[in-house]
Amino acid sequence: MRRKPQHLQVRPLVHRVLFVCLGNICRSPLAEGVFAAVAQAHGLTVHADSAGTGGWHVGRPPDRRSQQIAERHGLDIGRQRARQIEAADFTRFDMILAMDEDNLRELECRKPAPGSRHLGLFLDFAPELGLRSVPDPYYGDLADFEHTYRLVHAASEGLARRLAGL
Ligand code: 4NP
């Protein structure tokens, strides 16, 4: 079969998105799982991952309450393991999205050099919420984790629509 000249070949575009919170056990694992599912439903090819600015929970699975809420919405996030953000993440991903303003400030400080990667707040993709930060649900109850789900789901829809060019 004759191949098209290289400049006419359509390559599958992979959007590499990293979600960042403090511990990488509550909010960002949920964001990773929800965004991967929403992006797939939009027909997008994505590589979603998550990390924490803190390292206290490295190697642990997501908080059982995040897993429970994910399951309630048909998602299994149990195979994820917490890790800490590292310098290579700033070039490995197209977008790094923080769950709140404290973690965004922390990322700005750790960014190795000024680059063109998008570094911002996840909730900016859901302006209808009127919120910039996903509240930390760690010391809360299951209702707080359900609230986290609603916020990250709305932002996932907004981001997926943006990436799909809608
Ligand atoms: P996350 O929640 O940042 O959404 O994973 C937290 C998890 C653990 C702690 C704080 C927030 N902690 O203090 O251990």
Side-chain angles (χ1 to χ4, degrees), residues 14-40 44-126 131-156 158-160 163:
V14 181
H15 302 279
R16 301 181 160 271
V17 186
L18 181 68
F19 299 97
V20 178
C21 61
L22 180 60
N24 192 209
I25 54 168
C26 298
R27 292 166 289 176
S28 61
L30 206 46
E32 175 187 332
V34 171
F35 175 68
V38 166
Q40 193 179 21
L44 295 165
T45 306
V46 301
H47 171 68
D49 194 2
S50 62
T53 54
W56 314 282
H57 301 284
V58 168
R60 298 214 186 123
D63 186 286
R64 61 184 163 71
R65 297 163 296 177
S66 279
Q67 293 197 51
Q68 205 174 325
I69 291 299
E71 273 164 29
R72 200 183 266 182
H73 293 277
L75 298 172
D76 178 2
I77 61 169
R79 278 181 294 274
Q80 294 184 32
R81 293 294 177 268
R83 71 177 184 87
Q84 194 168 14
I85 183 101
E86 56 192 35
D89 289 326
F90 290 91
T91 49
R92 223 184 261 151
F93 291 91
D94 307 309
M95 307 181 94
I96 301 183
L97 298 173
M99 295 297 124
D100 61 35
E101 290 172 291
D102 285 345
N103 284 296
L104 179 59
R105 270 190 291 276
E106 191 59 41
L107 290 170
E108 297 280 8
C109 291
R110 295 201 201 172
K111 190 168 68 170
S116 57
R117 298 291 189 281
H118 178 98
L119 183 54
L121 289 170
F122 188 30
L123 290 194
D124 283 352
F125 289 95
L131 269 180
R132 300 205 77 205
S133 290
V134 181
D136 182 355
Y138 187 61
Y139 294 105
D141 58 19
L142 211 51
D144 296 295
F145 282 75
E146 181 64 40
H147 183 58
T148 300
Y149 174 87
R150 284 207 303 275
L151 300 180
V152 304
H153 187 269
S156 293
L159 174 56
L163 295 177

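FYI, side chains are in, hydrogens and waters are out, and symmetry mates aren't considered; it's all heavy atoms of this structure.
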Report summary line: Residue set satisfying ring pair (Phe, Tyr, Trp, His ring centres under 6.0 Å) with Phe122, at least two apart, ordered chain then number -> Phe19

Report task. Report the C-alpha distance between Arg117 and Leu18 in whole Å, list the side-chain angles of each, state the deciding distance to 0.1 Å, and finish with yes or no for side chain to side chain contact (heavy atoms under 4.5 Å, CB included). Result -> CA-CA 11 Å; Arg117 298 291 189 281; Leu18 181 68; over 6 Å; no

Query - Residue list, salt bridge (charged side-chain N to carboxylate O under 4.0 Å, His left out) with Arg132, at least two apart or on another chain - result: Glu101, Asp124

Query raised in the report: Is there any side chain to side chain donor-acceptor pair (under 3.5 Å) pair reaching into residues 134-145, and which pairs are they, with sequence neighbours excluded?
Result: none

Report task. Evaluate the criterion side chain to side chain contact (heavy atoms under 4.5 Å, CB included) for residue pair Arg92 and His47; output intermediate values, then yes/no. Result -> CA-CA 10 Å; Arg92 223 184 261 151; His47 171 68; over 6 Å; no

Requested in this report: Would you please classify the geometry between the His118 ring and the Phe125 ring as parallel, tilted or perpendicular, with 30° and 60° separating the classes?
Outcome: tilted

Query raised in the report: Between Lys111 and Glu108, does a salt bridge (charged side-chain N to carboxylate O under 4.0 Å, His left out) hold up when you go through it step by step?
Result: CA-CA 5 Å; Lys111 190 168 68 170; Glu108 297 280 8; 3.7 Å; yes

Requested in this report: Enter the distance from Leu163:CG to Thr45:OG1 here, rounded to the nearest 0.5 Å.
Outcome: 11.0 Å

Requested in this report: Measure the CG-CG distance between Leu104 and Leu121 for me, rounded to the nearest 0.5 Å.
Outcome: 5.0 Å

Query raised in the report: What distance do Ile77 atom CD1 and Glu71 atom CD have between them, rounded to the nearest 0.5 Å?
Result: 8.5 Å

Query - Note, Pro112 side chain near Thr91 side chain (heavy atom, < 4.5 Å) - result: no

Requested in this report: Mind checking salt bridge (charged side-chain N to carboxylate O under 4.0 Å, His left out) for Arg83 and listing every partner two or more places apart, or none if nothing turns up?
Outcome: Asp49, Asp89

Query raised in the report: side-chain hydrogen bond (donor to acceptor under 3.5 Å, both in side chains) with His57: which residues, sequence neighbours excluded?
Result: Arg60

Report task. Identify the heavy atoms of Ala51 and Ser28 that sit nearest to each other, and give their distance. Result -> O-OG, 3.6 Å

Query raised in the report: Who pairs with Ser50 by side-chain hydrogen bond (donor to acceptor under 3.5 Å, both in side chains), at least two apart in sequence or on another chain?
Result: Asn24, Glu32

Query raised in the report: Under the ring pair (Phe, Tyr, Trp, His ring centres under 6.0 Å) test, which residues partner Phe145, sequence neighbours left out?
Result: none

Query raised in the report: Considering only heavy atoms from C-beta outward, does the side chain of Phe90 approach that of Ile96 to under 4.5 Å?
Result: yes

Requested in this report: Could you pull out all residues at least two apart from Thr53 that satisfy side-chain hydrogen bond (donor to acceptor under 3.5 Å, both in side chains)?
Outcome: Asn103

Requested in this report: List in chain and number order the residues that pass side-chain contact (heavy atoms from CB on, under 4.5 Å) with Leu75, two or more places apart in sequence or in another chain; answer none if no residue qualifies.
Outcome: Val34, Ala37, Ala70

Report summary line: All heavy atoms of Leu142 vs all of Gln68, minimum pair found to be CD2-NE2, 3.3 Å

Report task. Compare every heavy atom of Met99 with every heavy atom of Cys21, then report the nearest pair and how far apart it is. Result -> CB-CG, 3.7 Å

Query raised in the report: Under the side-chain hydrogen bond (donor to acceptor under 3.5 Å, both in side chains) test, which residues partner Arg110, sequence neighbours left out?
Result: Glu106

Query raised in the report: Got a sec, which residues hit side-chain contact (heavy atoms from CB on, under 4.5 Å) with His73, two or more places apart in sequence or on another chain?
Result: Ile69, Glu146, Tyr149

Query raised in the report: Out of curiosity, Gln80 CD to Ile25 CD1, how far, rounded to the nearest 0.5 Å?
Result: 12.0 Å

Report summary line: Residues Gly140 and Arg65: closest non-hydrogen pair is O-NH1, 3.0 Å

Query raised in the report: Taking atom OG of Ser133 and atom CG of Asp102, what is their separation to the nearest 0.5 Å?
Result: 7.5 Å

Requested in this report: Please report the closest heavy-atom contact between Val46 and Val14, naming both atoms and the distance.
Outcome: C-CG1, 4.1 Å

Requested in this report: State the CE-CG distance between Met95 and Leu159, to the nearest 0.5 angstrom.
Outcome: 5.0 Å

Requested in this report: Check Gly23 against Ala82 and note the closest heavy-atom contact, atom names and distance.
Outcome: O-CB, 4.0 Å

